[in-house]
Number of protein chains: 2
Amino acid sequence: MSEPLKVFLDEKEMPRQWYNLQADLPHPLPPPLGPDGKPVTPDMLARVFPMSIIEQEMSQQRWVDIPEPILEKLALWRPSPLCRARNLERALQTPARIYYKNEGVSPAGSHKPNTAIAQAYYNKMEGIERLTTETGAGQWGSALAFACRQFGLQCRVYMVRISFDQKPFRKFMMETWGAECVPSPSTNTEVGRKILAETPDSPGSLGIAISEAIEDCVQSENTRYSLGSVLNHVCMHQTIIGLEAKKQLEKIGVEPDILIGCAGGGSNFAGLTFPFLCDKIHGKDMRILAAEPAACPRMSRAPYVYDSGDVAMMTPLLPMYSLGHTFIPPPIHAGGLRYHGMAPLVSLAAREGLIEAHALPQLECYEAAVLWARTEGHIPAPETSHAIALAIREARRAQDEGKERVILLNWSGHGLMDLSGYHAYFSGKLTNYVMSDEEMAKSLKCIENLPKPPPLR
Amino acid sequence: MSEPLKVFLDEKEMPRQWYNLQADLPHPLPPPLGPDGKPVTPDMLARVFPMSIIEQEMSQQRWVDIPEPILEKLALWRPSPLCRARNLERALQTPARIYYKNEGVSPAGSHKPNTAIAQAYYNKMEGIERLTTETGAGQWGSALAFACRQFGLQCRVYMVRISFDQKPFRKFMMETWGAECVPSPSTNTEVGRKILAETPDSPGSLGIAISEAIEDCVQSENTRYSLGSVLNHVCMHQTIIGLEAKKQLEKIGVEPDILIGCAGGGSNFAGLTFPFLCDKIHGKDMRILAAEPAACPRMSRAPYVYDSGDVAMMTPLLPMYSLGHTFIPPPIHAGGLRYHGMAPLVSLAAREGLIEAHALPQLECYEAAVLWARTEGHIPAPETSHAIALAIREARRAQDEGKERVILLNWSGHGLMDLSGYHAYFSGKLTNYVMSDEEMAKSLKCIENLPKPPPLR
């Protein structure tokens with residue numbers, strides 16, 4: 001055997017601090033705004049988040065210590081392997097070297113537990129007994145279910161009704177970890193009861209589920225709410241991915257030319273790329289690429305605005321690329337990428353020109369995923385397939401240009417819970433959704449009267 | 001953090017030879033017998049297996065080199081991590097230390113690809129273009145589908161009709177790797193057509209599927225048949241598990257007192273334990289425990305006999321513990337353990353008193369699996385839960401006796417494709433099947449007139 005396909009780290013080599021991009025971005029992040037248009041203060045968030053999480057959300061500190069109990073739980077599956085996709089390289093006949101960070105090795109099968117464990121820990125430390133959250137396709141709900149069990153917290157997950165019915169296995173996972181998974185809209189909340197009274201067979205939506213999870217949180221004592229992406233603290237918790245990857249690449253003396261992650265809410269993308277982005281800001285030459293679905297093009301096509309994180313506008317206004325909070329993304333199988341907005345930190349980095357965003361159509365992504373499965377073996381999640389498809393584009397470009405580039409992608413999760421998407425692809429039932437200019441204009445109407453972020457100085 | 005939870009090996013530390021227990025067993029393995037009652041010769045097997053596999057099946061050589069191309073493919077996921085289940089130990093308050101070898105990290109999610117890759121390679125080397133096989137719940141079929149794609153072989157899997165209908169996701173996995181998955185009985189074969197003519201809605205059985213896979217193989221040119229357990233070469237290919245585990249334990253200076261694996265056809269059990277069994281035969285003190293389902297107790301209750309590997313008696317007679325080839329195991333969720341016989345090498349080791357077998361009821365296994373998922377995170381396959389339940393019994397015994405024992409178990413696969421079993425457990429729909437003496441006597445009738453293995457000298 002030639003160069004090894006995998007680079008492992010020992011547990012003692014695990015990063016002991018998270019990296020906070022806020023310390024290094026050229027311009028400060030515009031603050032989240034309340035319904036009155038004024039910056040949100042920490043105490044306004046205290047009913048839904050524990051204070052230590054709110055502090056992390058607002059912190060400008062470059063390095064934040066990872067508490068020992070979090071490291072111990074992360075060690076159930078971390079450090080994750082850094083692998084080389086040599087079979088794929090051969091199939092593409094590319095001179096590029098393709099490395100990937102395999103986040104599919106976690107109990108829930110994706111990168112999501114990296115922040116779920118941290119959030120469960122901080123809530124537990126502040127005496128919270130129960131967390132609520134929402135989930136679309138189920139990745140985040142199952143990650144939080146797993147994490148809550150690790151720290152003895154109760155957990156209730158509001159799962160979008162249509163996914164709840166179509167994907168019962170995610171519910172069974174949460175149940176196995178002792179969490180309660182409720183189809184949303186439900187009769188647990190006022191907003192749920194209202195919707196059910198009007199539309200008894202409502203398929204639900206992520207917006208409704210967020211509203212229910214927050215209402216449930218606010219109404220119950222010793223309960224807090226937990227979010228799986230978008231926010232600054234979530235992006236920070238995920239930087240352990242990129243920090244590990246840096247150490248692993250150093251071990252084999254490799255420096256990446258191109259970093260790639262798929263971008264839904266932005267957390268797995270941030271997790272891999274932010275530690276490298278720090279080097280780029282300080283002068284290092286590399287390209288950092290976000291893979292978005294063509295059905296849901298935020299950084300690649302939408303404006304940088306203030307918008308709400310949810311349909312019902314229960315969250316503060318966040319400065320981000322957004323298709324408008326009323327936008328309902330088409331039913332692509334990559335459920336984790338079906339979001340109207342984008343993490344403010346990722347958005348600002350894109351606005352600063354530090355990140356390139358690319359929009360990829362669904363069929364190209366499935367083609368890439370199948371090629372991956374048939375060469376590298378592991379079946380990727382439909383979200384991850386977007387990063388793979390973009391990496392293949394870049395590997396082909398390296399071939400055309402005769403350049404031996406090093407590509408590193410975040411393999412954010414496996415697709416074993418999403419096999420029906422593959423079957424639909426092979427059956428010829430999938431189509432490409434590409435957002436038209438008309439749809440874009442229409443979907444942006446809802447943000448017309450919202451405050452605008454300040455221009456870059 | 002204290003002692004690390006995981007021990008990794010570098011790829012260059014991967015074992016480069018398999019271990020063959022035939023070289024060390026105190027008594028030789030009685031030969032397989034043909035329909036005439038005479039030992040089977042290599043050429044009689046040549047129509048269904050490639051010659052290099054037949055040689056391995058009969059070899060007495062202690063160490064067999066692993067060809068470089070096999071090592072390269074195994075390196076897509078191997079070496080697998082050796083982990084310590086410290087959360088489980090704490091929950092049990094046991095002085096025992098529990099280690100597990102995580103075979104769930106393979107693309108198919110179990111230990112099965114270890115032999116699938118080897119078998120696909122040897123077939124490819126002999127110019128074979130296509131493999132056929134059968135699968136029950138789908139673990140083996142998906143492993144072979146993955147392996148065939150790695151070496152550019154076509155693959156057709158006959159999947160028991162009732163599982164095919166109930167578990168469509170396994171079929172989608174095989175499809176993703178480019179294999180054809182056919183519900184059995186099918187119209188592809190004479191035996192299938194005959195059964196369908198008599199029973200159009202036949203649910204199928206493993207026996208029927210084996211018959212179809214062999215008939216398909218024999219009728220098609222350049223096609224061979226592949227078996228996922230039971231046979232000597234399969235057990236040998238799996239010894240890479242135990243050989244890696246030995247190296248990993250050496251790294252942390254730990255010696256196991258108790259080894260545990262679940263036993264269906266016997267291959268994952270053999271894979272972990274045979275390299276240690278070698279030491280035991282040569283005087284080392286340790287206990288080696290096989291976990292069988294109480295619904296299907298071979299080594300723990302059935303006689304050591306000559307019996308056929310399949311219901312239709314298409315395979316040679318093998319010397320093994322068997323419930324009789326006509327026995328249809330009850331519908332426990334651990335589909336991989338629903339087999340009437342047991343690998344001849346494992347059977348002989350048990351007969352020699354080198355192995356203890358224990359029969360575990362289904363509910364105890366699910367209870368153990370849920371405790372595992374809620375402490376260690378990863379959700380185990382229902383087969384694996386038998387090994388876990390037995391490890392928990394031993395950990396409790398260590399506590400009762402105040403002994404600090406070291407337990408090593410083979411975590412043969414994850415349960416992400418088997419979540420409906422967990423749901424059935426939580427819904428109170430599962431029961432314990434324990435075979436009665438009456439059923440045992442009845443099921444053994446079919447072997448009354450078959451030849452008997454020689455007594456141990």
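Proteins get letters first, then strands, A, B, ... in listed order; numbering begins at 1 in each. These numbers were taken from a predicted model, which means no experiment stands behind them.
No other option in F8(B), W77(B), Y422(B) has as many heavy-atom pairs under 4.5 Å with chain A as F8(B).
Residues meeting the side-chain contact (heavy atoms from CB on, under 4.5 Å) test with P67(A), sequence neighbours left out: W18(A), P69(A), I70(A), Y121(A), Y122(A).
For the side-chain hydrogen bond (donor to acceptor under 3.5 Å, both in side chains) condition, the pairs that include at least one residue of residues 364-375 of chain A, sequence neighbours left out, are E364(A)-R393(A). The list of salt bridge (Lys or Arg N to Asp or Glu O under 4.0 Å) pairs with a residue in residues 98-116 of chain B, not counting sequence neighbours, reads R78(B)-E103(B), K101(B)-E244(B).
When the heavy atoms of residues 166-182 of chain B are compared with those of chain A, the residues falling under 4.5 Å are F169(B), K171(B), F172(B), M173(B), E175(B), T176(B), W177(B), G178(B), listed by number.
The two residues L76(A) and H378(B) come nearest to each other via the heavy atoms O-NE2, 3.9 Å.
Put simply, CG on L74(A) and CG on L5(B) are 11.0 Å apart, with the number rounded to the nearest 0.5 Å.
Between R84(A) and E72(B) no salt bridge is recorded (no basic side-chain N to carboxylate O distance below 4.0 Å).
When heavy atoms are compared at a cutoff of 4.5 Å, N87(A) approaches chain B solely by way of its side chain, counted from C-beta outward.
For the pair E11(B) (side chain) and K6(A) (backbone), a donor-acceptor distance under 3.5 Å is present.
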